[in-house]
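What follows is one structure encoded as structure tokens, with my remarks underneath.
In this chain, numbering begins with 1 at the start of the sequence shown. For clarity, every value in this text was computed on a predicted model and none was experimentally measured.
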Amino acid sequence: MIELRKAPRVNVTWRAGVKLKDGRLIVCNAVNSSKNGLLLECAQGLSLDVTYPLIIEIPSLANRAELIHVSCQCEVKHVVLKGENYRIGIALSGLPSNDGELISAWVSMTSQNMSVV
């Protein structure tokens with residue numbers, strides 16, 4: 001199988017919320033992350049090629065009990081129904097540089113730990 005991904009992914013267990021146009025918040029779990037996107041698992045599907053406001057709870061690298069709330073935009077790239085939930089691939093945009101660096105650090109740190117095992 002040919003790998004089409006542009007960046008490595010790592011498994012994560014982060015909470016995320018997608019704000020719909022009508023103001024409702026869809027709470028999801030981030031299943032994996034790259035420096036540019038996430039795979040979300042949600043009880044509700046989202047529309048393809050639509051951009052939504054997103055908030056992600058990411059543990060601090062210094063103290064994993066401390067959660068950092070990252071706000072950005074996400075564009076839905078693919079939606080797949082798996083069991084009772086939807087797997088939704090999103091591209092991130094509008095990340096403040098320090099939040100983008102946090103995500104990149106998690107991906108880098110986790111992928112380095114995976115290669116050691």
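Listed here is the closest heavy atom pair of Gln44 and Ile88: O-CD1, 3.7 Å. Heavy atoms only, all atoms of each residue included: Ser93 and Cys72 are closest at O-CB, 3.2 Å. Residues Ile103 and Ile58 share a closest heavy-atom pair of CG1-CD1, 3.6 Å. The two residues Ser47 and Val76 come nearest to each other via the heavy atoms O-CB, 3.3 Å. The two residues Leu39 and Gly89 have their closest heavy-atom pair at CD1-N, 3.9 Å.
The distance from atom NZ of Lys77 to atom CG of Asp49, rounded to the nearest 0.5 Å, is 6.5 Å. The structure places CG of Asn85 at 8.0 Å from SG of Cys42, a figure rounded to the nearest 0.5 Å. For the atom pair CE (Met109) and CG (Leu61), the distance works out to 5.0 Å, reported to the nearest 0.5 Å. Atoms NZ and SG, from Lys19 and Cys74 in turn, are 13.0 Å apart once rounded to the nearest 0.5 Å. For the atom pair Arg9 CZ and Ser34 OG, the distance stands at 4.5 Å (nearest 0.5 Å). Here the CG atom belonging to Asn36 is positioned 7.5 Å from the OG atom belonging to Ser104, to the nearest 0.5 angstrom.
A continuous path of hydrophobic side-chain contacts links Leu95 to Val10 [ILVMFWY only; heavy atoms under 4.5 Å]. Side-chain heavy atoms closer than 4.5 Å link hydrophobic residues (I, L, V, M, F, W, Y) into clusters, and following such links, possibly through other members, connects Trp106 to Val12. In the hydrophobic cluster analysis, where Ile, Leu, Val, Met, Phe, Trp and Tyr join through side-chain heavy atoms closer than 4.5 angstrom, Val79 is grouped together with Leu54. Note: the hydrophobic cluster containing Leu48 does not contain Val80 (ILVMFWY, side chain heavy atoms under 4.5 Å, direct or indirect links). Hydrophobic clustering (side-chain heavy atoms under 4.5 Å, transitive across Ile, Leu, Val, Met, Phe, Trp, Tyr) groups Ile68 together with Trp14.
Residues Val50 and Lys21 are in side-chain contact: their nearest non-hydrogen atoms beyond the backbone lie under 4.5 Å apart. Taking the side chain as every heavy atom from C-beta outward, Leu46 and Tyr86 never approach each other to under 4.5 Å.
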What side-chain donor-acceptor pairs closer than 3.5 Å can you find for residues 24-31, not counting sequence neighbours?
from  : atom 1 : to    : atom 2 : distance (Å)
Arg24 : NE     : Asp22 : OD1    : 3.3
Arg24 : NE     : Asp22 : OD2    : 2.8
Arg24 : NH2    : Asp22 : OD2    : 3.3

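When Leu92, Val70, Ile56 are each tested for a side chain to side chain contact (heavy atoms under 4.5 Å, CB included) with Asp99, only one passes: Val70.
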Subject >> Evaluation steps, side chain to side chain contact (heavy atoms under 4.5 Å, CB included), between Tyr52 and Leu20 >> reply: CA-CA 7 Å; Tyr52 298 94; Leu20 302 181; 3.8 Å; yes
